[in-house]
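One structure is given here, and the rest of the page talks about it.
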Amino acid sequence: MKNSINLGKIFGIDLKISITFLFLLLWVALSSLLNGASLGVALTELLFIIALFVLVILHELGHALTAKRFGINTQDITLLPIGGLARLEKMPEDPKQEFLVAIAGPMVNLFIGGLLFLGLLITGFFSQPLSLGLIDQNLWMRLLTANITLFLFNLIPAFPMDGGRVLRSLLSLRMDPVKATSIAANIGKGAALLIGILGFFFNPWLVLTAIFIWVGANSEASAARVQASIKGLQVQDAMMTKFFQVEGKQPLESVLQLSIQTGQHYIPVTSNGHFLGIIQRGDLLNALQRLGNRAPAYAAIGIEPEGLSPTASLKDALPSLQTNRVQPVIEDGQLIGLITLESIQQRMWLDQKMRNSQKSSPGEKADMV
Ligand code: ZN
């Protein structure tokens, strides 16, 4: 993630802190000082926020270390002002494993909450007459409340909260994952609506949370649909095979002409049949300004992706398309196709149409094309 500072490694996982989080710390300290608080109170406020985020790190570590038991590594854990984010390489496909990974985070909060509760009980905090002011002054009590809040909030059965994954994994034990995800996403949207209405009357922050949940539910459902529909497909099933390409020595003006005539956004460059790289529209215009019309095509190459094998699975190819948007498909050193997110969408759309038309003709078996 950009704009973050590396704090070091914990259990082999990079721990990062977003710069916006440092602004939050500064804001908390300044606002309590400006409100007339003493330096001591301002420091306690800072300490509270830092302790809160240690709780968040422990929560994320709960997910990461459970995933590790199933052979899934975590790229990094980032602290954001809205909470933590553990970037797991992938979510386990086995619903039981997904359940354990998802529930591990909230369980950490439950455990720490239990310890804090015991500590407060033993020290006699609960045996005095409690008032809101007293609860507000005790750092440990505030941390206990924070833990309970984290626990409950994360168990709301809605994506992108842990509760959404817990629900999906439980449903997946009984039905196919896409259906499970879509039911979980709909329940999430219902929860979002409810939280939004509550927020409208009581707290504007809840409205923001509701929007966050709604968007999360939608994107999770569509990601599950994509995953399911490309299952078993190979790169060659979704690649474009009709496209124009240019020779490395060809002048840029002819590349521009070709780009205008064909409307092609990505133009592969080859030299004697050997693939060199890809020129995107933006790169082409930049190179024309910098180097002029007569410069060779290869000077405008913006991306030099390694390329994919035609028999690679489409599922494995997706991450590389998210960073590069276009990938050449190469067989024996020869460029045989181009694959983009759009070409995959085309293929999915086509499959969907085929399935629908087969559904309407009874007696036929719905085969994948
Ligand atoms: Zn979590």
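Positions are given from 1, in the same order as the sequence printed here. Every number for a ligand or one of its atoms is a count from 1 in the order of the listing.
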Which atom pairs, one a donor and one an acceptor, fall under 3.5 Å between side chains of residues 110-119 and the rest of the protein, sequence neighbours left out?
none

Between Arg87 and the options Asp14, Asp76, Asn73, Thr74, the side-chain hydrogen bond (donor to acceptor under 3.5 Å, both in side chains) test singles out Asp76

Whether the side chain of Ser343 engages the backbone of Ile339 through a donor-acceptor N/O pair (distance < 3.5 Å, no angle test) should be reported.
no

Item to complete: Would you verify whether the NZ or CZ of Arg142 falls within 45 degrees of the ring axis of Phe48 while also being under 6.0 Å from that six-membered ring's centre?
Response: yes

Does the distance from a Lys or Arg side-chain N to an Asp or Glu carboxylate O, for Arg347 and Glu342, drop under 4.0 Å? no

Listing protein N, O or S under 2.8 Å around the Zn ion (ligand 1) gives His59 NE2, His63 NE2, Asp162 OD1, Asp162 OD2

Q) What's the verdict on side-chain hydrogen bond (donor to acceptor under 3.5 Å, both in side chains) for Thr340 and Arg325, showing C-alpha distance, side-chain angles and the deciding distance? A) CA-CA 6 Å; Thr340 61; Arg325 308 209 54 193; over 6 Å; no

